[in-house]
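All heavy atoms count here, side chains included; hydrogens, waters and symmetry mates do not. In each ligand, atom 1 is the first atom listed, and ligand 1 is the first ligand listed.
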Amino acid sequence: MYGSFQNYLTNELTAIEAAGLYKNERVIVTPQQAVIRIADGREALNFCANNYLGLSNHPRVIKAAQAAMDERGYGISSVRFICGTQDLHKELEAAIARYFRTDDTILYAACFDANGGVFEPLFDERDAIISDALNHASIIDGVRLCKAQRYRYANADMDELEDCLKTAQAQRFRIVVTDGVFSMDGNVAPIDRICSLADRYDALVMVDESHSAGVVGRTGRGVSEHFDVYGKIDIYTGTLGKAFGGAIGGFTTGRREIIAMLRQRSRPYLFSNSIPPAVVKAGLEVFKMLDESDALHAQQQENVRYFIDRMQAAGFDIKPTQSAICAVMLYDARLSQAFAARMLDEGIYVVGFYYPVVPKGQARIRVQLSAAHEKAHLDKAIEAFVKVGRELGVV
Ligand SMILES: *Cc1c(COP(=O)(O)O)cnc(C)c1O
């Protein structure tokens, strides 16, 4: 049988390549950090990691992971409810709940799993899920796994959300679901207005904090701090794979009974392995560090301001952002690819995004700033942007 299937796949792959959509993976031979080396020997400054707080290769985080290996071993070989819960898992769940000021937390192998396992146990065909059109793929998949009625509103469009909420009065329970920060523009969802509408139309609110936690808010504690809406958000999901250390792991945190029900019924939790002690203990160290000091977050914010101010002064068109994501607008798909390739020649690793990842005619280079970037790194990146920008007639 494989012969015909192989032909089919080969044709599909060729079509993907012909459409210019083939994803080639660049191989890195150093830890994830500001300065990386790629397999062809080139060194580059990395501006496309989600390493917002610079913790991916932080000595304290690594030390914590090493200590956990010594004290609690390598793997757990079990799901949580059989024999996969160590004291460390409970401590990390509590630390995340303290950070977000929620009742309780449930850990997952990834935020993809948290989102995949959050809807189906809580809602059924009598209920409504109202989702921002730009929500992450894992939310979309999670919604697909649930029988609830689906509603979708254009990105951050509160009039459309209100219309959805009106129609959804026909359902038993309603939940509005949004990313905290949208990954392509870096804009923060209007959570204050979402919470008011949810109040008015009797809906629950869920925010995926993957790109917002550790970044937005006065001390980086996410959208609740940013909008001062503590107590109004029922469910948060998030990842340990971005600002919080960058290894792996996800979580859902929120109201007590919701988390309790997920522990009973959430399939990616019940039927998938417990996260390893090293990752859990490193996560604990991350939240301890963030409790001790705002320095990393402050540095990241300072870097964002420094970069954007100078890029705008140089004439670049930067999407308004309230996060560590900075979209340098080029509009043209080919230009975005040529620009990114030239940037790598200049020692700057950035990625150009174009349709279908962003709307047609909205191609851009996405720059992700980190606390790990030093002034000299930022200056080098800005210099390269200006040089390549002039060369390609952008500025
Ligand atoms: C990255 C991301 C995820 C997936 O997180 P993982 O822990 O890597 O699975 C989910 N939601 C959003 C909004 C993200 O940006």
Take the angle between the ring planes of His377 and His373 and call it parallel below 30°, perpendicular above 60°, tilted in between. perpendicular
With atoms numbered from 1 as shown, which atoms in ligand 1 lie under 4.0 angstrom from a non-hydrogen atom of [X]?
X: Asp179; answer: 13 (C)
X: Ser138; answer: 10 (C), 11 (N)
X: Asp208; answer: 10 (C), 11 (N), 12 (C), 13 (C)
X: Thr239; answer: 5 (O), 6 (P), 7 (O)

If two hydrophobic side chains count as joined below 4.5 Å and joins carry through other members, does Val357 share a cluster with Tyr354? no
Distance flag, aromatic centroids of Phe385 and Phe316, threshold under 6.0 Å: yes
Would you check if the distance from the ring center of Phe100 to the ring center of Phe251 is below 6.0 Å? yes
Which one holds for Cys111 and ligand 1: side chain close, backbone close, both close, or neither close, with close meaning a heavy atom under 4.0 Å? both
Please report the C-alpha distance between Phe244 and Tyr99 in whole Å, then the side-chain angles of each, then the deciding distance to 0.1 Å, and finally whether the ring pair (Phe, Tyr, Trp, His ring centres under 6.0 Å) criterion is met. CA-CA 12 Å; Phe244 301 141; Tyr99 187 85; 5.4 Å; yes
Is there a polar contact, in the sense of an N or O pair closer than 3.5 Å, between [X] and ligand 1?
X: Phe112; value: yes
X: Gly241; value: no
X: Lys242; value: yes

Do Gln86 and Ile76 have side chains that approach each other closer than 4.5 Å (heavy atoms only, starting at C-beta)? yes
